[in-house]
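We count ligands from 1, going down the list as the structure has it; atoms in each ligand are counted the same way. What's counted below: heavy atoms across the whole structure, side chains too, no hydrogens, waters or symmetry copies.
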Amino acid sequence: MSDNCIFCKILNNTIPSKKIYEDKDVIAFNDINPKMPVHFLIVPKQHIKMLSNCDINNQEHIRLLGKMTVLAPVLAHKQGCNKGFKIIIHNDKGGGQEVFHLHMHVMGSPL
Ligand code: 5GP
Ligand code: ZN
């Protein structure tokens with residue numbers, strides 16, 4: 001939990017969101033400004049600033065990233081992406097990151 005982090009506020013329900021999945025480790029909710037018909041974010045509950053702050057020797061980071069990645073096709077399919085989808089992780093300002101709480105974009109089209 002980090003003060004002034006939008007996604008931590010979504011996690012503790014201070015800011016509303018359209019949640020599509022939650023478990024003890026992660027939540028997923030629709031992006032407020034969708035770039036494709038299906039566009040949601042998978043967010044670890046742990047406040048990690050960005051992908052490059054994850055450590056190859058940290059088993060919890062490896063587990064969380066594995067879960068986020070394996071969850072993406074399950075949720076994409078449930079959201080109607082029957083023909084495919086893509087995942088994107090922006091890293092730091094130069095990589096287009098705007099919210100500094102690690103998240104995975106999952107985007108696709110039901111067509
Ligand atoms: P980034 O560029 O950091 O990878 O993407 C951040 C994403 O978060 C953007 O696609 C943006 O539309 C989304 N976003 C920012 N603020 C909110 C919010 O308050 N609620 C939701 N649902 N999405 C948000
Ligand atoms: Zn946060």
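Contact annotation for Phe29 and ligand 1: only side-chain heavy atoms (C-beta onward) come within less than 4.0 Å of the ligand. At a heavy-atom distance under 4.0 Å, only side-chain atoms of His103, from C-beta outward, approach ligand 1. Here Phe40 has no heavy atoms under 4.0 Å from ligand 1, in either its backbone or its side chain. If you look at Ile6 next to ligand 1, the close heavy atoms, those under 4.0 Å, all belong to the side chain. When non-hydrogen atoms are compared, ligand 1 lies under 4.0 Å from the side chain of His90 (C-beta onward) but not from its backbone. Contacts with ligand 1 closer than 4.0 Å are made by no heavy atom of Ile89, backbone or side chain.
The heavy atom nearest to atom 15 (C) of ligand 1, out of those in Ile10, Asn91, Leu102, Val99, is found in Val99.
The CD atom of Gln46 lies 12.0 Å from the OG atom of Ser2; values are rounded to the nearest 0.5 Å. Atom-to-atom distance recorded for Asp92:CG and Gln97:CD is 6.5 Å, nearest 0.5 angstrom. His39 contributes atom NE2, which lies 9.5 Å from atom NZ of Lys86 (distance to the nearest 0.5 angstrom). Separation of atoms NZ (Lys18) and CD1 (Ile10) is listed at 13.5 Å; rounding is to 0.5 Å. Going from atom CD1 of Ile88 over to atom CG of Leu41 covers 11.0 Å, rounded to the nearest 0.5 Å. Interatomic distance, Arg63 CZ to Asp25 CG, rounded to the nearest 0.5 Å: 4.0 Å.
No heavy atom of Lys9 sits closer than 4.0 Å to any atom of ligand 1. For the ligand labelled ligand 1, residue Ile88 lies outside the 4.0 Å heavy-atom shell. Proximity of Gly96 to ligand 1 is established by a heavy-atom distance of less than 4.0 Å.
Near Glu98, the atoms of ligand 1 lying under 4.0 angstrom from a non-hydrogen atom of the residue are 1 (P), 2 (O), 3 (O). Close contacts of ligand 1 with His105, meaning ligand atoms under 4.0 Å from a residue heavy atom, involve 1 (P), 4 (O), 5 (O), 7 (C), 10 (O). Ligand-side atoms of ligand 1 in range of Leu41: 8 (O), range being under 4.0 angstrom from any heavy atom. Proximity to Asn33 (heavy-atom distance under 4.0 Å) selects the following atoms of ligand 1: 12 (O).
Below 3.5 Å of separation, one finds no N or O of Gln97 facing any N or O of ligand 1. Considering backbone and side-chain N/O of Lys35, none are found under 3.5 Å from N/O of ligand 1.
Closest to atom 22 (N) of ligand 1 among all protein heavy atoms lies Asn30 O, 2.9 Å. Distance from atom 8 (O) of ligand 1 to its nearest protein heavy atom, with residue and atom name: Phe7 CZ, 3.5 Å. For atom 24 (C) of ligand 1, the closest heavy atom belonging to the protein is Ile32 CG2, 3.5 Å. What sits closest to atom 9 (C) of ligand 1 on the protein, heavy atoms only, is Asp31 OD2, 3.4 Å.
Phe7 and Phe29 have perpendicular rings, their planes meeting at more than 60° on a 0 to 90° scale where under 30° would count as parallel.
Counting heavy-atom neighbours within 6.0 Å of Lys67 NZ, excluding the residue itself, gives a total above 12. Heavy atoms of other residues, nucleotides or ligands lying less than 6.0 angstrom from NZ of Lys19 number more than 12. The environment of NZ in Lys35 is crowded: more than 12 heavy-atom neighbours from other residues, nucleotides or ligands sit within 6.0 Å.
Counting only heavy atoms from C-beta outward, the side chains of His90 and Glu98 never approach each other to under 4.5 Å.
Checking Val43, Asn91, Leu65, Ile42 one by one against Leu102, the side-chain contact (heavy atoms from CB on, under 4.5 Å) holds for a single residue, Leu65.
For His47, the N/O/S atom at the shortest distance from the Zn ion (ligand 2) is named ND1. Atom ND1 is the N, O or S atom of His101 at the shortest distance from the Zn ion (ligand 2).
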Inset, instruction - Dump the intermediate steps for ring pair (Phe, Tyr, Trp, His ring centres under 6.0 Å) on His103 and His105, then the final yes or no. - result: CA-CA 7 Å; His103 54 280; His105 295 256; 5.1 Å; yes
